[in-house]
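Side chains included, hydrogens not; waters and symmetry mates left out as well; all remaining heavy atoms used. Note on naming: letters A, B, ... go to the chains in the order of the sequence lines (proteins, then strands), and numbering restarts at 1 for each one. Here the structure is a predicted model, which is why all the values come from computation and not from measurement.
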2 protein chains.
Amino acid sequence: MKGWQMADGREEVRVTIRTVAADAGVSVAAVSKVLRNAYGVSDSLRGRVEASIEKLGYRPSVAARGMRGQTFTLGVLLVEIANPFLPSVYHGIESITDAAGYKIMVGIGAARAGREAQLIEQMIDNRMDGLILVASQISGETLDRYARQIPTVVVGHHEPTAQSFDTINSDDFEGARMVVRALCEAGHRDIAMLAMDHGPDHSADVSPQRESGYRSAMTAAGLVPRVIRVPPSNLPREAELRAVLTAPDRPRAVFCWSDLDAVPLLNLAHQLGIRVPHDLAIVGYDNSPVAALPLISLASVDQDGARMGKMAAQALLSRIGGRTVPEHRLITPRLVPRASL
Amino acid sequence: MKGWQMADGREEVRVTIRTVAADAGVSVAAVSKVLRNAYGVSDSLRGRVEASIEKLGYRPSVAARGMRGQTFTLGVLLVEIANPFLPSVYHGIESITDAAGYKIMVGIGAARAGREAQLIEQMIDNRMDGLILVASQISGETLDRYARQIPTVVVGHHEPTAQSFDTINSDDFEGARMVVRALCEAGHRDIAMLAMDHGPDHSADVSPQRESGYRSAMTAAGLVPRVIRVPPSNLPREAELRAVLTAPDRPRAVFCWSDLDAVPLLNLAHQLGIRVPHDLAIVGYDNSPVAALPLISLASVDQDGARMGKMAAQALLSRIGGRTVPEHRLITPRLVPRASL
DNA sequence: GGCGTTTCGTATACCGTTATACGTCAATCA
DNA sequence: TGATTGACGTATAACGGTATACGAAACGCC
């Protein structure tokens, strides 16, 4: 095997399976067998081959391997990178896949469906063995099309009837109801919700699910729902939050679909001299690390992201293993009461 | 081209370059030429081929392509996912690579050198065209070995004499000096620094760089440096922070190597009834979004992560383009004064 | 009209693996 | 002893592209 000139003029000598075979004095197929723990290799042959691999520092090419066999690489697609809830999910996933000997590549979707689709296609092109999509913005129909091409698990996107992929979700409907009940118990009646201003085709996303939980609980308590929509979290939305706080009919309590809105709202209230929770109670969702800071002390709903990540990884591995009947899990969340409530 | 049985029993019909060639009634080579914008293809041929590609929904396999040509995919390695400074760097990188038609795959290193090395090898194996390592923990020597195999740019790791790769850094030395000068001007003399407890071989990391800037400025001001070491941010360290605040000789001002320590310290001080900045001034580093919250209002050094990301991406593209002389950039940071100072 | 030149397409040898088909040789069995 | 059976290796056709070599028209020029 000769070296070749790279684009930048640096010369590279790639150690391939042939280099190893030549060095060990065996056939290419024999080396491949050793690599794959395939049947029909003696201890002496294995020893010779492994010695050569070690000596030459050989590493098999994933690209070439992916053309026929498994890559032992999984793709994880995250909506966006700045969301503080996602690290816990990621760590959960990693703890399981690591133990199973799988590698992970991450794609960052920038909260745009087009970008996400591009990344999914890229992961399929790279012959990844499976995909975990976290809080994907892609519609169920499109997801279904991709999921037929590659084992897929979706986290944070409700498609309870999907056949081609699994879903792992927090019970967002119930989580929202818990918040409303807690605010009622604290004596509030004028309870508004800050929901994400999602477009059509997004009823499966978490915010709409929480919204219907909110509506259901409000109605059940004999109260009138009042939903305020704010732009998605990747856009500036301070003006909208400020409007909520300065409106003449400012509510007495606000349930935010995410800490991404609740934390800025809490800070803005403080700046405007509105006392929390005396003048305004605020409850968020995700129980992100910032919410737990004593200076913030924001009540929030905890989804146990790590657990969701673990379950997603387990589902993916079993699907890769051959399962075809879909699995749809719902985890009950937990309200963490803090000073803002 | 026949379909084949996948592991989970699902049947798949893959559209390859040969399918397209047959459909368009041309040779495989002609299709490849169209895909690569290569020389020698007429408008009529291009039209026919593109029509077939569209009709069949063909997408070239990155794996196969990677075996000979470019993959137009770049790898970005992030120390860890929970660090709130990294999103800005990532967005900076993406804004440049996007425009140049490159895709990005992210690896998450979990702040462990071994894991990082594994990910780098994986990215090389996947035939990525180049690598950006953000705040890597890997030693310069090892980096050099990898960088000889693949165009590499390192962000947040000082190796100003490296030949095989480029570096983009904030001037951490100068940033620390700025902090000390500002604290002096505010009348403080008893200024301690909270530095990361790095092992040996890590003098190129940002914390040690800031530490020597701190020492230099303290000495220049005729003050005695006082460095307190805390465990790295992926480990629990509340006990250490509490010890700093409850010690009988508690300093009057603390410069933290990162907001990751400064924010918890500020909150802990508040819990312990220590008034900031009256009893204790705190300055952090990174100017993370949390620091800017009015309720936190932590003075911090801003590194302009987006700009670093952009510069890193530009350097990588030019290196992929053939540049071999190394480029080492230092960006001057900016102190953002806030209530904690 | 003869003779280079372009221009446009095709044929095909790789790239680095996997996995199947097949050959060889020694041990076992009837 | 001849046939059967494993155990162990080898040879080689995929996999889905890229890129080079080369052939065949069409064109320009004197």
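Using a 4.0 Å cut-off on heavy atoms, none of the residues of residues 47-57 of chain A approach DNA chain C. Across residues 35-44 of chain A, A:Tyr39, A:Gly40, A:Val41, A:Ser42 each have a non-hydrogen atom less than 4.0 Å from an atom of DNA chain D (numbered order).
With respect to A:Leu77, the side chain to side chain contact (heavy atoms under 4.5 Å, CB included) criterion is satisfied by exactly one of A:Val134, A:Ile120, A:Ile132: A:Ile120.
Note on A:Arg59: only backbone sugar-phosphate atoms sit closer than 4.0 angstrom, heavy atoms only; bases stay farther off. Contacts of B:Val26 with the nucleic acid, taken as non-hydrogen atoms under 4.0 Å apart, involve only primed sugar atoms and P, OP1 or OP2.
For the pair A:Thr97 (side chain) and A:Ile93 (backbone), a donor-acceptor distance under 3.5 Å is present. Between the B:Arg59 side chain and the B:Thr16 main chain, no donor and acceptor come within less than 3.5 Å of each other.
Under 3.5 Å, the side chains of A:Arg46 and A:Ser42 contain no donor-acceptor pair of N or O atoms. Side-chain atoms of A:His157 and A:Ser136 include no donor-acceptor pair closer than 3.5 Å. Side-chain polar atoms of A:Arg323 and A:Ser318 form a donor-acceptor pair below 3.5 angstrom.
Put simply, OG1 on A:Thr167 and CD on A:Glu159 are 8.0 Å apart, with the number rounded to the nearest 0.5 Å.
Position along DNA chain C of the nearest nucleotide to A:Lys33 versus A:Ile17 favours A:Ile17 as the more 5'-ward residue.
Between B:Arg115 and A:Glu94, at least one side-chain N (NZ, or NE/NH1/NH2) sits under 4.0 Å from a carboxylate O, which counts as a salt bridge.
In this structure, the CZ atom of B:Arg18 is 6 Å from the C1' atom of D:dG16, given to the nearest Å.
Dashed line: the shortest gap from a side-chain N or O of B:Ser27 to OP1 or OP2 of C:dT10 is under 4.0 Å.
Of the candidates C:dT18, D:dG17, C:dT17, the closest approach to any side-chain atom of A:Ser32 belongs to C:dT18. For B:Ala29, whose side chain is taken as the heavy atoms from C-beta onward, the closest listed nucleotide among C:dT17, D:dA19, D:dG17 is D:dA19.
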